[in-house]
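Heads up: the structure comes next, in structure tokens.
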There are 2 protein chains.
Amino acid sequence: MSVIMNAVKPRLRLQFGQAVAIGPGKAELLELIAETGSISAAAKRMAMSYRRAWLLVDTMNQCFDAPLVETAAGGKGGGGARVTDLGREVLARYRSILKKCAEAAADDFAFLNGHLASTPPENPH
Amino acid sequence: MSVIMNAVKPRLRLQFGQAVAIGPGKAELLELIAETGSISAAAKRMAMSYRRAWLLVDTMNQCFDAPLVETAAGGKGGGGARVTDLGREVLARYRSILKKCAEAAADDFAFLNGHLASTPPENPH
DNA sequence: GGCCGATATATCCGACGGCATATAACGCTG
DNA sequence: CAGCGTTATATGCCGTCGGATATATCGGCC
């Protein structure tokens with residue numbers, strides 16, 4: 001049988017002042033909003049409260065020079081949320097950074113993964 | 001006068017299970033322990049409680065197959081903390097990932113920085 | 001026009017994280 | 001051998017973050 005290969009999971013946050021312009025959570029949320037066309041539906045998919053999802057969207061919009069998500073009130077086809085062109089490009093760029101990072105530093109990740117403990121610390125105090 | 005150029009600050013965390021094997025805070029702590037030879041002195045430099053610093057060190061040590069920091073009790077030259085070879089190499093690899101990432105994805109960062117708002121959100125609710 | 005489902009926002013409250021504090025053991029130094 | 005500064009660990013407290021809840025408003029649909 002083969003040796004269990006543990007691996008580290010890179011999590012990248014792009015910070016702008018005190019706020020996080022985009023990170024893993026906001027990226028996934030952006031993706032789900034694009035899929036569902038609704039903040040609340042995206043929040044449900046992530047098992048996240050609508051409040052929190054709305055806050056994340058608000059922060060993202062404030063961090064850039066144009067909104068990443070445009071919203072309209074009214075239910076049943078009337079309202080909802082739409083990811084703008086800028087929103088899609090920001091998401092694509094964020095994914096691109098992660099991908100290029102994994103490729104460019106593959107040797108560093110290999111070294112770190114090769115020296116991981118057999119088991120992650122379950123009870124971090 | 002030139003246009004104010006805002007920029008995003010990348011923050012990378014390498015997660016192993018629930019714990020963060022290494023991130024910005026742990027990296028700086030590791031560096032300061034190497035400089036000062038003491039957890040408590042490093043903590044003071046970072047305006048961090050000794051408790052928190054010790055917990056971070058403990059987590060780091062548990063995440064890898066050998067300690068990054070070795071400690072010895074006793075004050076005034078007797079005790080202290082020493083960063084191991086593995087610790088120095090882990091730190092170097094972490095820095096290397098950040099550097100390579102910034103280089104490989106320079107165009108993506110340039111795009112994002114070019115579309116930042118004029119001012120970061122000060123009151124994120 | 002009434003209903004439904006969505007955005008938008010305020011308030012209350014529980015959980016959790018980190019600080020401050022306290023204590024113990026340890027090991028050079030003088 | 002007394003003292004000091006360090007590692008190591010437990011406990012109580014408090015600020016903060018986020019969830020739950022409530023409410024208002026809006027806009028298609030039947």
**Message:** Looking only at side-chain N and O atoms, does Ser40(A) offer a donor or acceptor that is under 3.5 Å from a partner on Ser38(A)?
**Reply:** yes
Next on the checklist: I'd like to know whether Ile97(B) forms a side-chain contact (heavy atoms from CB on, under 4.5 Å) with Leu112(A), so could you lay out the CA-CA distance, the side-chain angles of the two residues, the decisive distance to 0.1 Å, and finally the verdict.
Outcome noted: CA-CA 11 Å; Ile97(B) 292 172; Leu112(A) 293 176; 4.0 Å; yes
Taken to the nearest whole Å, CE/Met46(A) to P/dG18(D) is 13 Å
| message | In the structure I gave you, are the side-chain heavy atoms of Leu56(A) and Met48(A) within less than 4.5 Å of one another anywhere? | response | yes
So, with a heavy-atom separation below 4.0 Å from DNA chain C, the residues of residues 81-89 of chain B are none
Point to revise | Any Ser40(B) side-chain N or O less than 4.0 Å from OP1/OP2 of dG5(D) | key: no
**Request:** Step by step, work out the side-chain contact (heavy atoms from CB on, under 4.5 Å) result for Val90(B) and His115(A).
**Result:** CA-CA 9 Å; Val90(B) 166; His115(A) 283 81; 5.9 Å; no
For this session: Answer yes or no: are there more than 12 heavy-atom neighbours, outside Arg93(A) itself, under 6.0 Å from its atom CZ?
Result: yes
Separation of dT6(D) atom C1' from Ile39(B) atom CD1, nearest Å, is 9 Å
Working note: Lys9(B) + Leu14(A), criterion side-chain contact (heavy atoms from CB on, under 4.5 Å); need CA distance, chi angles, decisive distance, verdict. CA-CA 6 Å; Lys9(B) 178 182 166 190; Leu14(A) 302 187; over 6 Å; no
- Query: Cluster question for you: counting only ILVMFWY and a side-chain heavy-atom cut-off of under 4.5 Å, with indirect links fine, are Leu86(B) and Val20(B) together?
  - Reply: no
Tyr50(A) OH to dT21(D) C1', in whole Å, measures 15 Å
The bend of the helix from dG1(C)-dC30(D) to dG30(C)-dC1(D), taken between the axes of its five terminal pairs at each end and rounded to 10°, is 10°
Leu55(A) atom CG is separated from dA20(D) atom P, nearest whole Å, by 15 Å
Query raised in the report: NZ of Lys44(B): more than 12 outside heavy atoms within 6.0 angstrom?
Result: no
(request) Kindly determine whether Ile33(A) and Ile39(A) satisfy side-chain contact (heavy atoms from CB on, under 4.5 Å), including the steps that lead there. (result) CA-CA 6 Å; Ile33(A) 291 176; Ile39(A) 294 180; 4.2 Å; yes
Q: Kindly say if Trp54(A) contacts the phosphate of dT7(C), meaning a side-chain N or O under 4.0 Å from OP1 or OP2.
A: no
With Glu35(B) as partner, the option from Arg88(B), Arg45(B), Arg82(B) fulfilling salt bridge (charged side-chain N to carboxylate O under 4.0 Å, His left out) is Arg45(B)
With a 4.5 Å limit on heavy-atom distance, are the side chains of Asn61(A) and Val69(A) in contact?
-> yes
Going 5' to 3' through nucleotides 18-30 of chain C and flagging B where a protein heavy-atom sits under 4.0 Å of the base, S where only the sugar-phosphate is that close, and - otherwise, we get SBB-----BBSS-
Look at the side-chain N and O atoms of Thr71(A) and state whether any lies under 4.0 Å from the OP1 or OP2 oxygen of dA8(C). yes
